[in-house]
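Below you'll find the structure, written out as structure tokens, and then a few comments.
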Amino acid sequence: MEKIPKSHPRYLSLITREKISQAMKKGIVHETGLIAHGRGEAFDYLIGEKTIPSAENATKVAAAALLIAKNPVISVNGNVAALAAKECISLASFIPAKLEVNLFHRTNNRLKKIVNELKNNGAKEVYGRAADARIPGLEHGRGICDRDGIFSADVVLVPLEDGDRCQALRNMNKTVIAIDLNPISRTAKTANITIVDNVVRAIPNIEKLAKKLKDDDKKKLRKLVRSWDNEKNLSEVLSFISKRINSLF
Ligand code: PTJ
């Protein structure tokens, strides 16, 4: 990995870029994952590269939804494996939730590499290779999934998603939690709970809040999820961004 001095004012951002770039060279991240990362960076810049209050609120509800789920699944793609493999594994083991590799640019080679990446980082079981079910209405690779994983899940956490699958999962009556830095993406607007934050911060934050909520009454958690207004939260994110931009000048 290229040596980046810790004193550099954009150290974290540069390290994250370097991770994505290395993972692309290893065949984990698809080349278009670099473009997706750049788009994410632009939105992260707008929110100030930190977890904003509306993201914190969505994260709490996401933690509650995962804790009350019967069969929760965390969906992992190339970018997520590059940036938050250990964090996804740790969250999956705490909830407990299943991990499934699900790819937009699906090839057996990439699938195997990402499964191995998760296993090398400590995951015991990783779904995605059985490929014995299909999400109705999805023509592309993301429609292929495991019957015991995403197909039968009641709650699916989808970091870095494309809007199509998000809608298709909702059509299957699943609760979809999305992590997307773009608050106006189709995914952000389609999910039940959208966390507008970087996966690098959001995944450990879900675990931190799940630890706080773990012993709470399940009825209280259900109420928290039921009363969540995602649209209102997204409009709060947009108002945060516009106020922040106005205050810069
Ligand atoms: O690994 P694959 O084959 O499944 O492909 C993954 C990519 C990311 C290439 C694929 O899902 C894709 O093309 O995604 P999109 O449609 O470009 O959407 C990615 C979304 O994630 C965009 O809205 C970005 O703003 C957002 N994003 C990018 N990086 C991050 C992010 N959100 C949170 N954290 C990030 N680090």
Side-chain angles (χ1 to χ4, degrees), residues 12-21 23-52 54-55 58-59 62 74-85 87-88 91 99-115 117-118 126 128 131 135 138-145 150 156-169 176-191 193-206 234 237-238 241:
L12 253 182
S13 169
L14 293 177
I15 281 286
T16 312
R17 274 190 183 181
E18 195 55 29
K19 278 188 190 163
I20 282 278
S21 150
M24 194 208 77
K25 286 174 192 151
K26 285 203 275 180
I28 287 173
V29 167
H30 186 264
E31 63 243 39
T32 60
L34 300 186
I35 301 168
H37 183 75
R39 174 142 39 121
E41 273 188 346
F43 281 104
D44 209 6
Y45 216 82
L46 292 178
I47 60 168
E49 294 172 309
K50 57 179 199 290
T51 303
I52 64 173
S54 9
T59 307
I74 302 173
S75 179
V76 177
N77 67 10
N79 288 46
V80 174
L83 298 181
E87 291 76 5
C88 285
L91 175 64
L99 287 164
E100 176 162 340
V101 177
N102 177 280
L103 301 176
F104 184 70
H105 305 280
R106 187 182 172 106
T107 62
N108 279 339
N109 190 27
R110 268 186 81 223
L111 188 80
K112 216 158 84 189
K113 281 186 180 169
I114 298 170
V115 169
E117 180 74 5
L118 292 171
V126 181
I135 302 169
L138 282 189
E139 301 281 317
H140 51 76
R142 276 209 145 153
I144 305 168
C145 64
I150 288 173
V156 190
L157 171 62
V158 290
L160 263 97
E161 179 62 354
D162 62 89
D164 276 10
R165 185 175 66 141
C166 192
Q167 183 62 60
L169 290 172
V176 182
I177 304 165
I179 303 173
D180 192 340
L181 278 160
N182 177 0
I184 51 172
S185 72
R186 276 181 312 140
T187 300
K189 291 194 279 186
T190 311
I193 306 159
T194 306
I195 303 170
V196 181
D197 204 1
N198 199 313
V199 287
V200 171
R201 297 185 295 269
I203 305 274
N205 216 10
I206 300 176
L234 288 175
V237 173
L238 291 174
I241 291 175

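Note: hydrogens, waters and symmetry copies are ignored here, and every other heavy atom, side chains too, is used. Counting starts at 1 for both ligands and their atoms, in listed order. We number each residue from 1, following the sequence as shown.
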| So, Asn102 side chain and Gly128 main chain: donor-acceptor pair closer than 3.5 Å or not? | no

| request: For Val80 and ligand 1, answer yes if some heavy atom of the residue is under 4.0 Å from a ligand atom, otherwise no. | output: no

| task | Compute the shortest N/O to N/O distance between Arg39 and ligand 1 and return yes if it is under 3.5 Å, no if not. | result | yes

| field | Ile184 atom CD1, neighbour heavy-atom count above 12 within 6.0 Å | value | no

| note | ligand 1 to Leu83, heavy atom cutoff 4.0 Å, flagged ligand atoms 36 (N)

| field | Heavy-atom pair with the smallest gap, counting every atom of Ile28 and Arg110 | value | O-NH2, 2.9 Å

| Which one holds for Thr187 and ligand 1: side chain close, backbone close, both close, or neither close, with close meaning a heavy atom under 4.0 Å? | neither

| remark: Closest to atom 28 (C) of ligand 1 among protein heavy atoms sits Ala36 O, 3.1 Å

| query | Any idea which protein heavy atom is nearest atom 34 (N) of ligand 1, and the distance to it? | reply | Val199 N, 3.0 Å

| query | Distance from Asn77 atom CG to Leu111 atom CG, nearest 0.5 Å? | reply | 12.0 Å

| Any N/O pair Leu103/ligand 1 closer than 3.5 Å | no

| said: Which heavy atom of Leu181 sits nearest to which heavy atom of Phe43, and what is that distance? | reply: O-CB, 3.2 Å

| task | Could you list which atoms of ligand 1 come closer than 4.0 Å to a heavy atom of Asp197? | result | 33 (C), 34 (N)

| request: Grab the two heavy atoms, one from Leu99 and one from Cys88, that are nearest each other, plus how far apart they are. | output: CD2-O, 3.8 Å

| query | Is the closest heavy atom of Arg142 to ligand 1 under 4.0 Å? | reply | yes

| task | Considering non-hydrogen atoms only, spot the tightest contact between Ser75 and Arg165 and give its length. | result | OG-NH2, 2.9 Å

| task | Could you tell me whether the side chain of Arg142 and the main chain of Leu103 form a donor-acceptor pair under 3.5 Å? | result | no

| field | Per-atom contacts, ligand 1 versus Asn182 - under 4.0 Å to a heavy atom | value | 23 (O), 25 (O)

| task | First locate atom CG of Leu160, then atom CG of Asn198, and finally report the distance between them rounded to the nearest 0.5 Å. | result | 8.5 Å

| task | Could you tell me which non-hydrogen atom of Ala188 sits nearest to which non-hydrogen atom of Pro183, and how far apart they are? | result | CB-O, 3.6 Å

| said: My understanding is that we take every heavy atom of each candidate and find the minimum distance to atom 3 (O) of ligand 1. Doing that for His140, Arg186, Arg110, which one comes out nearest? | reply: Arg110

| query | Arg106 near ligand 1, heavy-atom distance under 4.0 Å? | reply | no

| task | Would you mind finding which of Asn198, Ile203, Thr32 brings a heavy atom closest to atom 36 (N) of ligand 1? | result | Asn198

| Is a side-chain donor or acceptor of Glu100 paired with a backbone partner of Ile150 at a separation under 3.5 angstrom? | yes

| request: Between Asp180, Leu181, Asn77, flag the one that comes closest to atom 24 (C) of ligand 1 by a heavy atom. | output: Asp180

| query | If you measure from CD1 on Ile74 to CG on Leu91, what distance do you get to the nearest 0.5 Å? | reply | 4.0 Å

| query | Do protein heavy atoms approach atom 17 (O) of ligand 1 to less than 4.0 Å? | reply | yes

| Are any non-hydrogen protein atoms located under 4.0 Å from atom 12 (C) of ligand 1? | no

| query | What atoms of ligand 1 come within less than 4.0 Å of a heavy atom belonging to Gly78? | reply | 1 (O)

| For Gly33, is at least one N or O under 3.5 Å away from an N or O on ligand 1? | no

| message | Students should be able to answer this: which protein heavy-atom is nearest to atom 21 (O) of ligand 1, and at what distance? | response | Leu160 CG, 3.6 Å

| Considering all heavy atoms of both residues, which atom of Leu138 and which atom of Gly143 are nearest to each other, and what is their separation? | CB-CA, 3.7 Å

| Which residue and non-hydrogen atom of the protein lie closest to atom 5 (O) of ligand 1, and at what distance in Å? | His105 CD2, 3.7 Å

| said: Which residue and atom name correspond to the protein heavy atom nearest atom 10 (C) of ligand 1, and how close is it? | reply: Phe104 CB, 4.4 Å

